[in-house]
Structure formats: structure tokens, C-alpha cells
Amino acid sequence: MYRLLSPSLGRGLLRAAGRRCRDCSARLLLGPAGGPAPEVGVPASRVAPRGRGPGLLPLLAALAWFSRPAAAEEEEEERQGAGGAAAEGAVDETEAEIIQLLKRAKMANLAFIRGQLENAEKLFKATMSYLLGGGMQQEDNAIIEISLKLASIYAAQNRQEFALAGYEFCISTLEEKIEREKELAEDILSVEEKANTHLLLGMCLDTYARYLLFSKQPAQAQRMYEKALQISEEILGERHPQTIVLMSDLATTLDAQGRFDEACVYVQKASDLARQIEHPELHMLLSNLAAILMHRERYAQAKEIYQEALKQAELKRDEVSIQHIREELAELSRKSRPFT
């Protein structure tokens, strides 16, 4: 559900390359010698105020489009001539372009993972421009996935207006798409394709919820997590690792609002399920449970759970979690110490 470069994006790159090949092989290259074309500003008509909906593609208020003027394309066509060498090299150019595009997408994700946000932003923009230029619609899952990554980059850079526009675009576009496609027969749109779109919506809701929680908006984050959890339960099942994480995250939003009893119900269930399936992040889920128990002033139980979490973290050799849990145990010791 949360892979950075999903199969839908890879398939989207190939579809776009194929469309471009059918349209005009001489227009495949994005720039000189296969490099990126010059970046141009977004026309004013494409910049939409926040909240206008996906029709005006508000995310692209923050994007620079990579394009080539029509006059330049006509000039190149004249140089290439009709048919001739350009036609003979069409297949080779297409293959080279696909390889170049896939490399760019992979590099974008790698830069994203490493926190090289400016570089990742440029590469994601270039990939999106290529897909849109190849005829892909802005509601395609591949476009949404790239848009979500860009929104996350803007959030990390504290570019809040662009981040919010991006998250809202992704969610509203997918919700409308799901509503429009829900009655389509399986021979038109497969069950798997519908499920993938629902899961992508869940990913968008989850990512937006994390941003809202970080921005100290727990009530809004709660609503996003509730929707994401519902999708995950329906498609992946209650015992799926991602569903369990979402339960725990929902508990965190309730805890942040002082709704400790409700939070405890969700996080206790998440922890129980995590133990049953040997969840790879069991130590983090247990740590979350212990924190909520501590907020409820159930100190003895919280200490027991923290100690269990510490053992699990040590088995995983997760040094960051080990340090965090030890700090929490020290805080718990201070809180539970009787006054003299």
C-alpha cells in the first residue's frame, strides 16, 4: 500500500511511452540528447486557488511544466523530414526513452528516500510532465502517486499552501474517480484495478493524516485515519500489517485529543493483532500502547508494556526506538514515583 514506486506508476510510464510512439516518434525526446527540456513557468490560468477542486488541478500551482513550444516541434519536424531516418529509428528512440524515464523515476524515489527533496522534486516534475504530455489523464493512479510525493515534499519544506493543495487534489480526485467507476463491469475495469485505486486513496488519506497530526490538527487527522482504516480493513483485512498500523495511528490522534479511553481500545486491539501475526513493527506498536496507558496513569501496566517493547526493539536492533523507549521508561519512573 505504501511502496514508493508502485506497479501502477511503472505501467503508467510504459503506457505513456507507447502513446507517444504512436503519435509521433520524433517528439519522444524531452530535451537535447535525451536530457530534460528547459523548465518553464506555470501559466496563470493553471494556477487555481485552494479548494477549487481537481478540475483546475490545484497541485500544478506548485509545479513547473516541462514543455516544448509548438513552433520548435514544427521546426524539428522539418529538419527530420517526413519518414526517412526518423521513422527507421523510432523503435530505438522509444526504447531509449522508456529506459531514461524509468531511470528518472527510480532516481526520484531514491532522492526522496534520502531526503534530497529539491532533486526529488525536479525529477518527479519531469516524470509527471512526460506522462501528461503522453496523453495520460490527471486522474490516473500514476499521476496521483507522483502528486502525493510532491505534496509530501512541500510539507517537509514547510510550503504549506502547496502541500495542502496537493493532498486535497489527490484525495478529491480519487474519491470522484471511485464514485464514477464503482458501477463499471469487470470486463471494463477489473476488481484488482478498483482495489488498487481504493488502496491509493487510503495511502493519500494516511499521508495527509500524518501531516495534519504533525501540524497539531488531531481532530482533522482522526477523520482521515478513520477513512483510511476503513479502506484497509475492507480490502486488506483486519490482520494485515498496514491495517494494524492504521489502528495504532488512529489511537494516537484520539490520545492527542485527550480521548484516552477510546484511544486505548484501538491501540490495545492493534497490539494484540500485532503479536498474533508477529508484526515487523511490534516494538513501535507496543511503545504506542504503553504511552497511551501512561497518559491514563496506568503506570504499572505501561512499564510492563514498555519493557516488552524494549526487548522487541533490541531484537530488531532498532537503535532509535531503543533510545526512545529508554527515555520513556525514565519519564515513567519520574511520573510514578510517590511524592514525599
Side-chain angles (χ1 to χ4, degrees), residues 1-4 6 191-192 194-214 218-326 328-329 332:
M1 187 170 175
Y2 296 96
R3 286 170 293 182
L4 285 172
S6 73
V191 173
E192 181 184 3
K194 289 182 179 180
N196 286 340
T197 300
H198 277 82
L199 290 174
L200 180 56
L201 174 59
M203 179 168 68
C204 294
L205 291 164
D206 178 20
T207 308
Y208 188 29
R210 291 174 188 272
Y211 172 74
L212 290 169
L213 190 59
F214 179 79
Q220 293 90 325
Q222 176 197 335
R223 290 193 289 273
M224 299 300 111
Y225 274 131
E226 287 171 342
K227 293 179 181 179
L229 177 58
Q230 182 181 358
I231 291 170
S232 191
E233 287 178 330
E234 289 176 355
I235 297 178
L236 301 176
E238 187 181 65
R239 294 168 60 86
H240 190 277
Q242 185 57 47
T243 305
I244 294 170
V245 169
L246 287 169
M247 284 183 197
S248 182
D249 289 341
L250 176 56
T252 299
T253 67
L254 293 166
D255 180 67
Q257 297 173 70
R259 297 162 63 176
F260 304 133
D261 291 343
E262 295 172 76
C264 204
V265 171
Y266 279 104
V267 76
Q268 184 68 64
K269 183 177 182 180
S271 299
D272 291 343
L273 289 169
R275 289 191 184 98
Q276 292 172 24
I277 70 165
E278 298 182 356
H279 197 289
E281 296 181 357
L282 176 59
H283 59 293
M284 297 182 186
L285 295 163
L286 291 172
S287 179
N288 202 26
L289 169 60
I292 292 173
L293 288 170
M294 186 165 66
H295 296 160
R296 294 183 72 191
E297 299 185 353
R298 292 166 60 175
Y299 298 133
Q301 190 177 359
K303 181 179 180 180
E304 181 181 340
I305 299 298
Y306 267 135
Q307 289 172 339
E308 181 185 357
L310 181 59
K311 290 179 182 178
Q312 292 292 330
E314 288 172 342
L315 288 173
K316 292 286 185 180
R317 297 181 180 179
D318 184 345
E319 295 299 328
V320 174
S321 293
I322 289 170
Q323 180 63 27
H324 170 73
I325 294 168
R326 285 176 176 166
E328 290 296 296
L329 279 167
L332 177 60

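The two atoms that bring Leu246 and Ala228 nearest to each other are CD1-O, 3.7 Å, heavy atoms only. What you find for Lys227 and Leu205 is that their closest heavy atoms are CB-CD1, 3.6 Å. Closest approach of Leu282 to Ser271, counting heavy atoms only: CD1-O, 4.3 Å. Summarising the geometry of Ser321 relative to Ala313, their closest heavy-atom pair is CB-CB, 4.2 Å, with the distance given to 0.1 Å. Between Ala309 and Leu286 the shortest heavy-atom distance is CB-CB, 3.7 Å. For Met294 against Tyr299, the heavy-atom pair with the smallest separation is O-CE2, 3.6 Å.
Side-chain contact between Thr252 and Tyr225 is absent, with no heavy atoms from C-beta onward closer than 4.5 Å. Side-chain contact between Ile277 and Ile244 is present, with at least one heavy-atom pair separated by less than 4.5 Å. Two residues are said to be in side-chain contact when any heavy atoms from C-beta on lie closer than 4.5 Å; Met224 and Gln220 fail this criterion. Counting heavy atoms from C-beta outward, Glu262 and Gln257 have side chains that stay 4.5 Å or more apart. Residues Thr253 and Arg259 are not in side-chain contact: their nearest non-hydrogen atoms beyond the backbone lie 4.5 Å or more apart.
Atom-to-atom distance recorded for Asp206:CG and Leu250:CG is 11.0 Å, nearest 0.5 angstrom. The distance from atom CD1 of Ile322 to atom CD of Gln312, rounded to the nearest 0.5 Å, is 11.5 Å. To the nearest 0.5 Å, the span separating CG on Asp261 from CD1 on Ile292 amounts to 11.0 Å. Separating the OG1 atom in Thr207 from the CG atom in Leu212 is a distance of 11.0 Å, to the nearest 0.5 Å. Note that CD of Glu192 and CD1 of Ile235 are 11.5 Å apart. Values are rounded to the nearest 0.5 Å. Distance CD/Gln268 to CG/Asn288: 11.5 Å, rounded to 0.5 Å.
Classification of Asp272 and Lys269 as a salt-bridged pair fails, no side-chain N sitting under 4.0 Å from a carboxylate O.
A search for side-chain hydrogen bond (donor to acceptor under 3.5 Å, both in side chains) contacts involving Gln323 returns Glu327, not counting sequence neighbours. Listed by chain and residue number, Arg239 satisfy the side-chain hydrogen bond (donor to acceptor under 3.5 Å, both in side chains) test with Gln276 (two or more places apart in sequence, or in another chain). Evaluation of the side-chain hydrogen bond (donor to acceptor under 3.5 Å, both in side chains) rule for Asp249 yields Arg210 as partners, not counting sequence neighbours. By the salt bridge (charged side-chain N to carboxylate O under 4.0 Å, His left out) test, Glu226 is found to be paired with no residue, residues two or more places apart in sequence or in another chain being considered.
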inquiry  = Run Leu199 and Gln242 through side chain to side chain contact (heavy atoms under 4.5 Å, CB included) and show every step you take.
reply    = CA-CA 11 Å; Leu199 290 174; Gln242 185 57 47; over 6 Å; no
task = Kindly determine whether Leu273 and Met247 satisfy side chain to side chain contact (heavy atoms under 4.5 Å, CB included), including the steps that lead there.
result = CA-CA 10 Å; Leu273 289 169; Met247 284 183 197; 3.8 Å; yes
key: side chain to side chain contact (heavy atoms under 4.5 Å, CB included) evaluation trace for Glu281 with Ser248   = CA-CA 11 Å; Glu281 296 181 357; Ser248 182; over 6 Å; no
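Each ring-ring contact (aromatic ring centres under 6.0 Å, His included) pair with one or both residues in residues 278-297, not counting sequence neighbours, appears once here: Phe260-His295. Sorted by first then second residue, the salt bridge (Lys or Arg N to Asp or Glu O under 4.0 Å) pairs that include residues 310-319, not counting sequence neighbours, are Glu314-Arg326.
The backbone N or O of Glu304 lies less than 3.5 Å from no partner atom in the side chain of Glu308, so there is not a single donor-acceptor pair.
The number of heavy-atom neighbours closer than 6.0 Å to NZ of Lys194, taken from other residues, nucleotides and ligands shown, is above 12. Heavy atoms from other residues, nucleotides or ligands lying under 6.0 Å from OH of Tyr266 number 12 at most.
Inspection of the Arg296 and Gln301 side chains reveals no N or O donor paired with an N or O acceptor under 3.5 Å.
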